[in-house]
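In what follows, every chain begins at residue 1, and chains take the letters A, B, ... in the order their sequences are listed.
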Amino acid sequence: MRRLTFILIVMLILSLLISNVSAASGAININGIEKAIDLAMDNDSSLKLFDQRILLAERNYEKARLDSKEAAGKYWNDVKVRISNKKTEILIPLEKSTIIDDLRWQKENAISNLRLNVISLYYRIQQKDSQITYQTKAITQAVSELNTQKTKVEKGLAAESTILPLEISVDNAKASLSNLNSEKSSLVMELNFLLGIDLTSDLKFSTLQIPNNELIIKDIDSLIEKNISAAHSITKLETEIMLTETEKKIYSDYSIGDRPDEIDDLELEIQNLKYSLRDERISIERSIRTDFNNLLNKLDTIKINKMSYEKSQKQLAISEKRNKLGLTSAVDHNKVVLACEQASIAYNNALVDYFLASETFKNNYFIDVVLSDN
Amino acid sequence: MKLSIKKLSVAILLIFTLLVSQAYADTSNIDEVKEITVENAIEMGLEYTHTKAEIEQSIDNLWDAYINQVQMWNLMKGQLDSFDEYYSLYTRDLDGIELEPMDQVRLEMYRAIYGPKPPQIAPVDKFNNYIKVGQFPCMQLYNAVEDLRLQKRLFETSFTSSIQDIFSSILELKNELKIQNEFFGVMHKQNEQMHEKYKNGFISEFDLYSSDIALSQQELAIDILERNIENLAMTLKSQIGIPLDQKVEFVASSNYLSVKLYSSYKYYIEKALSSRQEVLSAGADLQVKNNELDVVKKYFDHEKLTERIDAQIAADEATIAYDDAVNKVTIDIKNGYLDVISKYNEMVLLNSNKLSAKRQLDQAEILYDKGMITYIDFLNYEIAYNKARIDYESSVYRYNRSVQKLMTASGIGPGYFSQGGIR
């Protein structure tokens, strides 16, 4: 009876664990992007490792604090021992506390990057599926054109040499489909790896609507200013300068006799750190301005592709009318239909590119998010 | 001595910082358009970067250590010389040869310092206690200083090459922008004509719509191109210390569309083997190791003594490292030369594509004027020619850059491998 209860409890826990992923007919169903993100978070071993490293860093900090109290009243009979005691008292707790902050930031950063990777792969796979569907139709169209031409040749209405280019078109279309399938497989494997599922598993997930919002950045200069003052890389360098200045102060306050060589070395180190800080500030400004320009470029690409799509829709409407009137063949009309579908895919790809770039922008920089419908 | 050189270096670095910050502050009027040539950009960049000052600092520190070591070696050498002199005076005195009064004084002085008999130092002790710790570090430190000086020169050429590369890419895109703007002008005129034709009922609404759309798309493509230029310009500005929002006009100091000539493979390989940092550095190291071996041979007659074997191994290893450097540089130059040839062939091919596209466009214009092809078909020929023109002119920039890169690679460097492969 006890064993049965134990088995039931284990089964219940297992069913709860796998409720986010349901397998049906060999394929694994992912119920929504948030579930996929949760799965990836649960699966990521580096995140768990971060928790352990933070715990260890906190313990080290506690030890450094105790050592600091002890070092405050420690006896010294040599300048080197005196400086070492002062470092234990003042500098080391500061260094250990910085390590904790850095690890916490690294963990937060790893979480947001993981989230972004899952979202990106989810949308890329969805887009790849649309391209595969289109390419399958393109093959049918190419085969149909080839067959029509063969009939013409059989009836003596066209030369035999006209068949070869169409056969090449069919082969090219098939090769493109094969490429698309390989690209999709590689994306699926990447996502499976993140979700902790068998790499070769077939994923099935609910179709997501492609977001069509514009990220509004009212004042790029104030955004840069905000990021330059609050970016992790900047605060990290500022902390390093503060720590090195503290070390220099220890040498200058607690040395006896000649000015020690270490002060010169530390002054140089501070100088180099200040150069790095200067370069980092410029680097942040440059990356924000460049990424912002790239966002605007992607927005313009959406506009260009939207115009092409709208034009192809008009061409389709004209072709439909001509087809009804018998002025165009079914094969020629299908060509227009496919061109319209291709333009739609290109437009959607541009929307996805922009959406992912804007998500990355929001992830990388401190930004007050304002979105507007395109 | 050590302290004063260090303090001087710190002071120089601080002055340098002030100068750099002053240089940055000088460009405060960001609304004023600043004209910059590639030469200005290189000069400004070399002034702005602190890597050069850091290498100079390391050179100073090492030179300082070298001077200390030379002083120590001179003292050791003085002691060895005095042993030899004591031995010579002592044997002459023992053999009953009358010594000059000054020599007699010196002999007595040595007796007082070193005892009644001259100290007997075995060659192995002389080597281990004097040569190995006195003379050899001098040679090694001098070599290290020379190596750092080479690194400084390498950094300067590497930095220059990177600035030239970005500058040329900016000019390439600016050239493309010029062509795209010219094309926009042509399209704009055609669009006006299309509106006129539509009013007179000569063309369909769809043809007019296609013309409008093509014009808008070209306008957006120009905006994208302008932003790409701005991004590249920001990369350059950040490397040469100009505020990113400063307006800058990048001026070509030479005609970038004229095709540079390249020399023979033999010229580049000979130049590279006599100038590349890897070869020079390995060559200097080989020389130090050979010198050390020669010195060791003087003190240890037998080939199978550990000191001889160690010195021989070090010299052999340095020979292998030198041969390896020569081999790597040879492969590097060969790849670079092949890259130049490939870029040249690509340029020739794209030029023929451009001429062919122009012929097709001329024919299409005749057909369009006669109403035998639609505006969309004609527009496609125009777009194709425009693209072929951009492709050709961009290939000239790429080819010229590859020649420039080969020139750099056959000088002190850097080579292709250290720049991240051939582009």
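Heavy-atom distances place both the backbone and the side chain of A/S308 under 4.5 Å from chain B. Heavy-atom distances place no part of A/D258 under 4.5 Å from chain B, backbone and side chain included. Using a 4.5 Å cut-off between heavy atoms, A/I318 touches chain B through its side chain atoms alone.
Taking all atoms of both residues into account, the shortest heavy-atom contact from B/F206 to A/K314 is CE1-CB, 3.9 Å. When every heavy atom of B/E54 is checked against every heavy atom of A/N272, the shortest pair comes out as OE2-OD1, 3.1 Å. The shortest non-hydrogen separation linking B/L244 to A/I282 is CD1-O, 3.9 Å. The minimum heavy-atom distance between B/M234 and A/R286, with the atom names listed, is O-CD, 3.4 Å.
Considering CG of B/D223 and NZ of A/K303, their distance stands at 8.0 Å, rounded to 0.5 Å. The distance from atom CG of B/D245 to atom CG of A/D221, rounded to the nearest 0.5 Å, is 6.5 Å. We find the CG-CG distance between B/L220 and A/N305 to be 10.5 Å, quoted to the nearest 0.5 Å. Between B/N228 atom CG and A/N294 atom CG the span is 7.0 Å, to the nearest 0.5 Å. To the nearest 0.5 Å, atom CD1 of residue B/I213 and atom CD1 of residue A/I304 are 11.5 Å apart.
Few gaps surround CD on A/E310; more than 12 heavy atoms of other groups in view lie less than 6.0 Å from it. Under a cut-off of 6.0 angstrom, the local environment of NZ in B/K174 is crowded, with over 12 non-hydrogen atoms contributed by other residues, nucleotides or ligands. Under a cut-off of 6.0 angstrom, the local environment of NZ in A/K335 is sparse, with at most 12 non-hydrogen atoms contributed by other residues, nucleotides or ligands. Within 6.0 Å of CD in B/E43 there are 12 or fewer heavy atoms belonging to other residues, nucleotides or ligands. More than 12 heavy-atom neighbours from other residues, nucleotides or ligands sit within 6.0 angstrom of CZ on A/F292.
Inspection of the A/E285 and B/S238 side chains reveals no N or O donor paired with an N or O acceptor under 3.5 Å.
Looking at heavy atoms from C-beta onward, B/T49 lies out of side-chain contact with A/Y275 at the 4.5 angstrom threshold. Using a 4.5 Å heavy-atom cutoff, the side chains of B/Y209 and A/M307 are not in contact. Side-chain contact between A/L296 and B/I224: absent, with no pair of heavy atoms (C-beta onward) separated by less than 4.5 Å. In this structure the side chain of B/H50 reaches within 4.5 angstrom of the side chain of A/R278, judged on heavy atoms. Between B/R227 and A/D300 the shortest side-chain heavy-atom distance falls below 4.5 Å.
With chain B as the partner, the residue from A/K274, A/K298, A/R289 showing the most heavy-atom pairs under 4.5 Å is A/R289.
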